[in-house]
Amino acid sequence: MCEAHNHADTSTAAATSASGVTFHVSDMTCGHCAGVIRSALEQTLPGSEIAIDISAARVTVDGDEAAAADAIRQAGYSPERVN
């Protein structure tokens with residue numbers, strides 16, 4: 001449930017595939033959440049490839065793992081590395 005908009009999104013669409021570090025972000029539940037996370041990652045790691053799968057609550061990003069995790073946390077979400 002996205003607390004910002006009080007709705008759930010069951011979208012299964014994923015962005016372009018990225019290789020790199022993957023995080024499980026259990027509190028990313030909708031397109032709004034994914035957009036906030038994508039924006040935070042784009043600001044922190046410009047030019048990095050980012051893939052987001054809302055239905056699996058996974059974010060994959062090329063670039064520095066610590067910086068990516070910190071960007072997701074600073075955006076208000078809880079990343080847990082999965083690979």
Side-chain angles (χ1 to χ4, degrees):
M1 181 77 61
C2 176
E3 293 184 20
H5 289 81
N6 196 27
H7 66 271
D9 184 351
T10 58
S11 172
T12 58
T16 59
S17 64
S19 60
V21 63
T22 299
F23 299 97
H24 181 256
V25 186
S26 62
D27 44 357
M28 176 185 70
T29 58
C30 71
H32 171 262
C33 299
V36 170
I37 290 171
R38 179 178 293 282
S39 178
L41 289 169
E42 288 173 342
Q43 289 177 18
T44 302
L45 300 166
S48 289
E49 199 171 324
I50 301 164
I52 297 177
D53 183 338
I54 297 168
S55 65
R58 293 195 182 235
V59 175
T60 302
V61 61
D62 288 336
D64 182 82
E65 175 185 345
D70 189 52
I72 295 169
R73 276 192 290 278
Q74 291 296 317
Y77 298 90
S78 306
E80 297 175 28
R81 186 168 185 211
V82 295
N83 67 349

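We use all heavy atoms of the structure for the numbers below, so side chains are in, but hydrogens, waters and symmetry mates are not.
- Atom SG of Cys33 and atom CD1 of Ile72 lie 12.5 Å apart (nearest 0.5 Å).
- Closest heavy-atom contact between Ile52 and Ala34: CD1-O, 3.5 Å.
- Considering all non-hydrogen atoms of both residues, Pro79 and Phe23 come closest at CB-CD2, 3.7 Å.
- Nearest heavy-atom pair across Asp64 and Ala67 is OD2-N, 2.6 Å.
- We find the CD-CZ distance between Glu80 and Arg58 to be 10.5 Å, quoted to the nearest 0.5 Å.
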List the steps, then state whether side-chain contact (heavy atoms from CB on, under 4.5 Å) holds for Asp70 with Thr44. CA-CA 9 Å; Asp70 189 52; Thr44 302; over 6 Å; no
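- Nearest heavy-atom pair across Ile54 and Met28 is CA-CE, 4.1 Å.
- Take Ser78 and apply the side-chain hydrogen bond (donor to acceptor under 3.5 Å, both in side chains) test, not counting sequence neighbours, and it matches Asp27.
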Intermediate values then yes/no, side-chain contact (heavy atoms from CB on, under 4.5 Å), Leu41 and Val59: CA-CA 10 Å; Leu41 289 169; Val59 175; 3.7 Å; yes
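- Listed here is the closest heavy atom pair of Ala40 and Ala71: CB-O, 3.7 Å.
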